[in-house]
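Just the heavy atoms: all of them, side chains too, but no hydrogens, waters or symmetry mates, feed the values below. Lettering follows sequence order; numbering is per chain, from 1.
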Number of protein chains: 2
Amino acid sequence: MPKKLTIRDIAELAGVSKSTVSRVLNAKQDVDPATREHILKVIEEHTFVLDMAASKLAGGRSRLIGSLIPSLAWPLMPEIMRGISEVVAQSPYELILYSITHEQVHHDKEQRDIISRILHSNLASGILAVFPGPSICYLTELYEEGFPVVIIDDRSEPTSVPWVSADNRLGAHAATKYLLQLGHRRIAHIQGPADYRASQERYLGYCDALQEVGLAPDPDLVCPGGFTPTDGRSAASHFITMPNRPTAIFASNDHVAYDVLAAADEHGIRVPEQLSVVGFDDIAPSSYSRPPLTTVRQPFYEMGKQATEMLLALLERPSTQRRLQIADSPYAPEIHPKAPQLNQMHSPTRVRMSTNLVERSSCSPYKGHIDC
Amino acid sequence: MPKKLTIRDIAELAGVSKSTVSRVLNAKQDVDPATREHILKVIEEHTFVLDMAASKLAGGRSRLIGSLIPSLAWPLMPEIMRGISEVVAQSPYELILYSITHEQVHHDKEQRDIISRILHSNLASGILAVFPGPSICYLTELYEEGFPVVIIDDRSEPTSVPWVSADNRLGAHAATKYLLQLGHRRIAHIQGPADYRASQERYLGYCDALQEVGLAPDPDLVCPGGFTPTDGRSAASHFITMPNRPTAIFASNDHVAYDVLAAADEHGIRVPEQLSVVGFDDIAPSSYSRPPLTTVRQPFYEMGKQATEMLLALLERPSTQRRLQIADSPYAPEIHPKAPQLNQMHSPTRVRMSTNLVERSSCSPYKGHIDC
DNA sequence: CTGTTAGCGCGTTCAT
DNA sequence: ATGAACGCGCTAACAG
């Protein structure tokens with residue numbers, strides 16, 4: 001193990017002073033292009049890397065991003081993390097994982113503790129928070145005090161903190177419209193948890209599509225469900241066994257859609273012949289379910305990327321002016337379809353990414369009622 | 001935002017010198033219990049936390065663990081991560097995520113790059129490597145040079161690096177024995193990838209159980225498969241459609257078991273009435289498959305915990321003598337059933353955790369052949 | 001047992 | 001455009 005080189009070693013090797021090397025390393029101006037080149041070459045040859053601890057201590061940036069992550073077991077997390085990691089890997093930053101136990105997700109105090117741990121340890125110079133839940137208020141405070149924070153989706157309404165999510169309403173609209181175009185008219189919806197913004201938005205998208213064709217949402221065809229496995233069991237059974245049952249079901253998400261698939265199987269109803277079902281999220285197992293599930297894909301990977309790029313943009317700004325301006329950021333997003341142009345300061349930054357319908361085999365055209 | 005306190009502030013507040021504060025912070029001996037208490041109180045009152053950057057720079061430990069993680073999309077990862085996070089959270093350490101893209105998993109060079117990135121950035125003072133694959137050789141080098149490394153399972157044989165995995169052979173033995181006890185005699189096995197140690201071990205466990213009842217493994221009942229979704233499709237169809245088909249199938253893992261379930265469904269074979277199937281891993285969807293899958297649970301959560309505890313034990317040791325001795329470690333594992341007693345130095349540390357059969361609904365007693 | 005001194009590796013003034 | 005000196009917050013010698 002060759003002993004770790006310091007900036008001084010490089011300075012000596014290049015025949016200059018530490019300061020000059022430091023300047024090159026931090027991309028300062030006022031360095032002779034020739035010496036810059038030379039120093040860069042020496043650095044390259046010796047694969048020298050700055051000591052982050054020392055750099056941070058001396059007043060430089062820490063190049064560490066803290067990520068506040070809910071249970072990695074949520075099936076949407078891996079893709080989000082992939083997006084995050086990819087951007088981080090191509091940057092000079094590293095990612096610290098502050099993951100939250102499932103238990104803690106709902107406990108306000110625990111979250112406050114974690115955040116204070118992040119702050120006090122003084123490591124991370126920015127925070128990426130996925131589904132922060134109750135801690136959103138602390139994060140908002142932090143952000144308003146100038147600490148870089150970006151949020152990836154959440155249960156509640158976005159605050160002033162830059163915020164990335166998918167367009168749930170449009171996605172739900174697309175799903176419902178698709179069923180309508182297949183000829184379905186009795187389309188049921190199993191809702192997500194009432195306290196999730198996404199549930200509301202999906203419900204609204206469902207209503208939007210219905211109203212477009214002059215249909216009013218039928219209260220009998222809307223049932224509460226949830227977002228986790230088996231949350232949709234009873235609603236699914238209810239719809240399937242009710243007299244004059246719906247010919248299609250739009251589930252709050254894929255997990256609930258699986259419940260519908262299972263319930264249908266149990267009651268001898270064939271999908272898609274006798275019942276069409278659409279999910280939401282497009283998590284991995286949806287490609288392999290029986291039948292493969294038609295669903296609305298949330299661009300989790302892209303959301304992770306987008307959010308990380310936004311955070312990096314914040315991080316690269318002088319700390320005095322840490323409001324995000326997407327427009328002139330070096331990490332300007334390519335994808336933010338419905339994002340309003342936010343060039344002026346102090347306007348909340350929200351990026352809403354577009355979803356898209358993934359057609360698989362769980363839907364078929366309505367051909368009149370088929371008895372069991 | 002109250003300005004960050006330094007160790008000097010605390011020293012002044014407590015009326016002692018920085019060194020003394022440092023000593024109590026680092027749990028050194030030779031501190032008067034009275035002053036220790038007093039300082040601790042002051043620290044507590046002001047919720048002071050050491051600046052890790054400065055601490056590290058000054059020669060202290062970095063309290064940062066680097067985790068080398070393959071795709072988080074592997075369904076076993078969330079549980080492993082949960083185990084890791086939980087132990088890390090209760091320690092003064094933080095976790096840096098060096099996650100590897102799926103593409104990179106197999107590319108030797110990329111991995112070497114990541115490891116050198118870890119080393120050069122000089123942040124992490126230890127590495128937790130999950131399924132390191134090709135980079136195991138670098139990790140071994142590192143470990144032999146005294147850098148703390150612990151590995152959680154891998155495709156190849158363990159090296160001198162401390163290593164945690166589940167007992168695949170015993171697990172497979174249990175699964176097969178279970179089927180035998182249900183009366184099955186024609187038990188097929190779909191194998192995992194040939195270059196995975198786990199595949200071999202599971203196959204051996206399968207043979208063990210067969211031989212115990214005087215049966216020789218029938219080459220016609222063993223097929224190559226894989227570990228990822230759809231890897232088992234063709235093998236499953238093959239077994240199901242073959243004349244005198246097996247009455248039970250032991251799949252290399254749960255994904256492959258799902259393929260068997262799907263193939264059975266497709267061919268109108270009822271599980272478990274006409275065919276019993278057992279998986280391996282017990283990943284989350286196995287509780288919700290149709291029918292719920294009987295499978296061998298790998299204790300991923302416990303493996304994550306165990307490995308992290310081992311790493312912490314290494315980290316807390318003086319760097320001169322960084323060979324792991326489980327016995328007198330403060331993090332001595334409670335669970336390592338078949339682990340040999342490794343109290344002497346220089347012996348490789350392997351912890352093999354026990355699996356256990358989770359009975360659900362995909363198996364039933366053999367009652368003679370039932371035609372479709 | 002405790003305080004004093006001297007750096008750790010780097011960024012940032014100041015000079016030049 | 002570049003170099004010298006100082007200090008970030010802390011730990012590790014050494015005194016006492």
Contact list for DNA chain D against residues 45-52 of chain B - heavy-atom distance below 4.0 Å: B:F48, B:L50, B:D51
Look up atom CG in B:L95 and atom OG in B:S85, then write down how far apart they are to the nearest 0.5 Å. 6.5 Å
Let me confirm one number: the CG-CD1 distance from B:D51 to B:I7, rounded to the nearest 0.5 Å. 10.5 Å
Within residues 8-20 of chain B, which residues have any heavy atom lying less than 4.0 Å from an atom of DNA chain C? B:V16, B:S17, B:S19, B:T20
Report the C-alpha separation of B:L119 and B:L142 in whole Å, then their side-chain angles, then the decisive distance to 0.1 Å, and conclude whether the side-chain contact (heavy atoms from CB on, under 4.5 Å) test is met. CA-CA 10 Å; B:L119 263 26; B:L142 265 180; 3.6 Å; yes
Between atom CZ in B:R61 and atom C1' in C:dC8, what is the gap in whole Å? 16 Å
Give me the first and last nucleotide of DNA chain D, going 5' to 3', that has any atom under 4.0 Å from a heavy atom of chain A. D:dA1 to D:dG9
Under 4.0 angstrom between A:S22 side-chain N/O and C:dC10 OP1 or OP2: no
Only distances under 3.5 Å count here; give the side-chain donor-acceptor pairs of residues 29-45 of chain A to other protein atoms, sequence neighbours excluded, each with its distance to 0.1 Å.
{"unit_1": "A:D32", "atom_1": "OD1", "unit_2": "A:A34", "atom_2": "N", "d": "2.8"}
{"unit_1": "A:T35", "atom_1": "OG1", "unit_2": "A:D32", "atom_2": "O", "d": "2.8"}
{"unit_1": "A:R36", "atom_1": "NH2", "unit_2": "A:K28", "atom_2": "O", "d": "2.9"}

Kindly indicate whether the side chain of A:Y143, heavy atoms from C-beta on, has any atom under 4.5 Å from the side chain of A:T159. no
In the structure I gave you, are the side-chain heavy atoms of A:V16 and A:R23 within less than 4.5 Å of one another anywhere? no
Quick one: are B:M77 and B:P70 in side-chain contact, heavy atoms under 4.5 Å? yes
I want to check something: taking the side chain as every heavy atom from C-beta on, are B:V351 and B:M310 in contact at a cut-off of under 4.5 Å? yes
Can you tell me how far the CG atom of B:L68 sits from the CD1 atom of B:I96, to the nearest 0.5 Å? 12.0 Å
Within residues 26-39 of chain A, which residues have any heavy atom lying less than 4.0 Å from an atom of DNA chain D? A:D30, A:V31, A:D32, A:T35
Between B:L97 and B:M81, is there a side-chain heavy-atom distance shorter than 4.5 Å? yes
Keeping the roles fixed (side chain from B:S67, backbone from B:I69), state whether a donor-acceptor pair exists under 3.5 Å. no
Does any non-hydrogen side-chain atom of B:N122 lie less than 4.5 Å from one of A:V49? no
Working to the nearest 0.5 Å, report the span between NZ of B:K56 and CG of B:L123. 7.0 Å
Straight-line distance of B:E12 CD to B:K18 NZ, nearest 0.5 Å: 10.0 Å
Please enumerate all protein N or O atoms sitting under 3.5 Å from an N or O of nucleotides 14-16 of chain C, with distances to 0.1 Å.
none

Less than 4.5 Å apart, any side-chain heavy atom of B:R117 and any of A:E94? yes
